[in-house]
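Here's the structure we're looking at; comments come further down.
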Amino acid sequence: MEAQYSPASVERTAQQFWEKNRCFKAIEDANREKYYCLCMFPYPSGKLHIGHVRNYTLGDVIARFQRMQGKNVLQPMGWDAFGMPAENAAIKHQVAPAKWTYSNIADMRDQLKALGFGYDWDREFATCDLDYYRWEQWFFTRLVEKGLVYKKNSTVNWDPVDQTVLANEQVIDGRGWRSGAKVERREIPLWFLKITDYAEELLADLDKVEWPEQVKTMQRNWIGKSKGIELDFEVPDVGEELRRLTVFTTRPDTLMGVTYVGISADHPIAKRAGEIDPTIMEFCKECRSGGTSEADLATMEKRGMDTGYVARHPITGAEVPIYIANFVLMEYGTGAVMAVPAHDQRDWEFAKKYDLPIQPVIADLDGNQPDVSEGAYTEHGQLINSGEFDDMLFDDAFTAIARQLEKEEKGRVRINFRLRDWGIARQRYWGAPIPVKYGAEGETVPLTDDELPVALPTEVEIDASGSPLKKMRTFYEMGAGWTRETDTFDTFMESSWYYARFCCSDNQEAMLDGRANYWLPVDIYIGGIEHAILHLLYARFFHKLMRDFGMVESDEPFQRLLTQGMVIADTYYRNNEDGSKEWFNPLDVTVERDEKGNVTQATLIADGEPVTIGGTEKMSKSKNNGVDPQSLINRFGADTVRLFIMFAAPPEQSLEWSDSGVEGAHRFLKRLWKITFDHIQHGEPGHIVSAELNDAQRELRRKTHETIKKCTDDIGRRTTFNTAIAAVMELTNALGKLNDDTLQGLAVSREAVEACVILLSPITPHICHTLWQELGHTTALIDAPWPQVDEKALKRDSMTLAVQVNGKLRAKLELPADADQVTIECEALSHENVRRHVEGKSINKVIVIPGKLVNIVAS
RNA sequence: GCCCAGGUGGCGGAAUUGGUAGACGCGCUAGCUUCAGGUGCUAGUGACCGCAAGGUCGUGGAGGUUCAAGUCCUCUCCUGGGCACCA
């Protein structure tokens, strides 16, 4: 065995062994328990970044651990290859998206291999492969047949200079990112999937999955089921077809406090008012400027204008004004809201601004009328100023008001969802073409099976003015007056079912086959918390669609979910003369510290001059605080990178990058190597004979089995890999302290060394592979079973008890493990320091927590 | 603006069920080893007081519940994620 640890050769050897023996080839076997471990596949943007490394290390550790538990493990990898960055790169570098994407994939695949991840590469695919997206097109046409697809007008961000649709991220402060032009909200017809048909089930089935509670809560809130009343105001002066103005409210108990009605600028009544009054028309136009995102809409200045029309209150018949309000959107609900300024903060602010009446109709539970001069009173309470409904509480008022409205056919109880249907059409090139054709007479028809698939042309030139497909007659002209749809699918479509395709990616005849039911559902799905809502909700929806077509049997795609935090790093910068900042990579900066370790100053190595220390932020190109995984692998090896990433923080938290932390991880692996080397040098151990062990040997043995117990729980159940690594570090520390060359001494040391190697092997598989062989094993570590805890070795003869007086620690007692309550109390009370603190006081109570502490309550 | 998280030594973090706050690592300090070190080893390291024994304070802030609170409750401040066309 080499005395020195050299990661490059160790890693090459291990990776060649795994590849030669096809260790990660997953084969369906009905007699074995399967484990499908999946990480969110990457967008092939160019190079792997540390966030990917974190994600995939987490997955690989779990996959290797489960394999050692005897499971038949599937861990695939592929590429989420359609999307905007490829188009942006095409504009910037004059390279076609397909070429750029496949070249990035080749680079990133090499990097994944260098990190030693155990993927079944035979199942790999990219979503931009025709063999993948053709099934998506086929499935879409089936969804059309089933009535789950429809076309309707929807609002998009329109850049009037570039004459193109912008994504929300391309709208910065209401302006197009490239043109700088003021963005307009424009309505165009788009394709939608009826995800709302599944709203109830998407909500209910959250109870079936083992996901973090916070993610389930976010999804529940997103789906947003609420019970309310849909009710009709009558608009007398607007003409028969617009006479009924419908709103939805979850607070019918406040109905008597309605003092105006707010409508969208796109509402038919607003349009009618605009036809009459040009200032209203102008106002409606202004309401359409700015971005479409909910954050934009929620933070913009609330503005409104009186339409001149009035609405008749459905119960009192009183007339209230109808206002156009810029925060009411036609697409959400009915495009109109009833406003109760006394009990809704947004309505309150609007009423104050436009001097509309504020009428309190809810008192607190003691019947006190609320003060609404400084803000709305939004709590539930008892009704006042509400005529026959006075003194009712929320539930009774809801029922009574609903009954009356129903009787008069002016309203009905409704379950409402916040969730909206999924707009799946994009006016972009680099995506899967939507398989629809349009006839000369305006017919819209899905393509037939023999017209499928629609291949995306890859020889294209791209500029900033929208999709080239719209200019390619060879693409869209189908003959006989038929033209093809030039919109492409939202890329969330591809990421909604790739996990299923991995089960049978070689099938050329069908989207999925029976193998999907062997592997699915995914046992654990690992990826960024930023996907908590959209991607995960769409994938759940798609799974249910596939289930209803009989392609999968399970209700949910992902049984367990692990959401990882982001990777952050220090930032350093200098201010330029023009007010901008120049950012320096942490590698180019040295940090000085005082004798306590506090950072005093940071200087740029290149010129020795100081730089400003910025915050610790998400690794990004713009802040120049990224770390290149490849250079780390070259310098320290993949195992060091994997170890540091798993050690620095638990998976859910953000991970702060630290170069000295990486060095520390490397130091630990060198130490592990040296400990194993030294141990082997000391000769062959005997067999452990429990009865013959001395105290030090017994103690190390107990530590070994405590560590096995803790690591098993930390990796398998808690997924806190940082604490598992810390436990192994403690074991190596204990191991280093036992210098015992007797046969029994070497035997317990051997058990401890092997435990370290095997427990770390999912995390640092290469070094452990080699050390295992050096320890004389003839079979490979990857096929070794996970170690078992010897409960007998865990037994202790004595215990340490903390003794508190009035909750403050005053002494520690070492007592036999089987000491009884009376003995414990006597020993605690007779301790010198305890006596000092209870002197002159009477003891009221003694609380004994077995095995932990004694608290003496004295006064 | 709305929804969801998170704030613990100089730093990353640990404390799993209300029961000894600071495991493990980084950094720093001292010493030893080595021709040398960006090596290895040993010891120390929350703050304050004290020669020591020991004591006081301490988990973003303010209250509260409890024999006991980092952990539970109320309010509040700050940071991060998501908000439907970034992936």
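So that the names make sense, note that chain A is the first sequence line, chain B the second, and so on, each numbered from 1. This is a predicted model, so every value here is computed, not measured.
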Quiz item: Base, backbone or nothing for each nucleotide of nucleotides 44-57 of chain B, written B, S, -, heavy atoms under 4.0 angstrom, 5' to 3'?
Solution: ----------SSSS
Quiz prompt | ring pair (Phe, Tyr, Trp, His ring centres under 6.0 Å) involving A:Tyr572 - partner list, sequence neighbours excluded | solution = none
Pull out every protein N or O sitting under 3.5 Å from an N or O of nucleotides 73-82 of chain B, one pair per line with the distance.
none

Quiz item: Are the aromatic rings of A:Trp422 and A:Tyr538 close, with centres under 6.0 Å apart?
Solution: yes
Quiz item: Below 4.0 angstrom from OP1 or OP2 of B:rC83, is there any side-chain N or O of A:Ser293?
Solution: no
Quiz item: Taking OP1 and OP2 of B:rA23, is either one under 4.0 Å from a side-chain nitrogen or oxygen of A:Asn733?
Solution: no
Quiz item: Can you tell me how far C1' of B:rA84 sits from CZ of A:Phe492, to the nearest Å?
Solution: 8 Å
Quiz item: Taking for each residue the nucleotide of RNA chain B bearing the nearest heavy atom, is the 5' side occupied by A:Asp713 or by A:Lys737?
Solution: A:Asp713
Quiz item: Is any side-chain N or O of A:Asn722 closer than 4.0 Å to OP1 or OP2 of B:rA14?
Solution: yes
Quiz prompt | Residue list, side-chain contact (heavy atoms from CB on, under 4.5 Å) with A:Lys151, at least two apart or on another chain | solution = A:Pro189, A:Trp191, A:Tyr438, A:Glu485
Exercise. Scan nucleotides 33-42 of chain B nucleotide by nucleotide, 5' to 3', and note B when protein non-hydrogen atoms come under 4.0 Å of the base, S if they reach only the sugar-phosphate, - if neither.
Key: -----B-SS-
Quiz item: For A:Glu839, what residues pass the side chain to side chain donor-acceptor pair (under 3.5 Å) criterion, not counting sequence neighbours?
Solution: none
Quiz item: Closer to the 5' end of RNA chain B via nearest nucleotide, is it A:Gly83 or A:Asn806?
Solution: A:Asn806
Exercise. Would you please enumerate the stems RNA chain B participates in, each stem being three or more consecutive Watson-Crick or G-U wobble pairs with both distances under 3.5 Å?
Key: B:1-7 with B:77-83, B:10-12 with B:24-26, B:27-32 with B:40-45, B:46-49 with B:54-57, B:60-64 with B:72-76
Exercise. Go through the structure and list residues passing side chain to side chain donor-acceptor pair (under 3.5 Å) with A:Lys852, not counting sequence neighbours.
Key: none
Quiz item: Do any side-chain nitrogens or oxygens of A:Gln804 fall under 4.0 Å of OP1 or OP2 in B:rC67?
Solution: no
Self-check item: Qualifying residues under salt bridge (charged side-chain N to carboxylate O under 4.0 Å, His left out), relative to A:Lys710, sequence neighbours excluded
Solution: A:Asp714
Practice problem: Enumerate the residues from residues 425-433 of chain A whose closest heavy atom to RNA chain B is under 4.0 Å, giving them by residue number; use none for an empty result. | Solution: A:Ala425, A:Arg426, A:Gln427, A:Arg428
Self-check item: B:rU8 phosphate, OP1 or OP2, under 4.0 Å from A:Gln653 side-chain N/O
Solution: no
Quiz prompt | Side-chain donor/acceptor of A:Asn168 to base of B:rC85, under 3.5 Å | solution = no
Quiz item: Taking only residues two or more places apart in sequence or in another chain, which ones pass side-chain contact (heavy atoms from CB on, under 4.5 Å) with A:Tyr133?
Solution: A:Phe82, A:Leu130, A:Gln137, A:Ala432, A:Pro433, A:Ala455, A:Leu456
Quiz item: How would you list, by chain and number, every residue that makes a side chain to side chain donor-acceptor pair (under 3.5 Å) with A:His837, sequence neighbours excluded?
Solution: A:Arg810
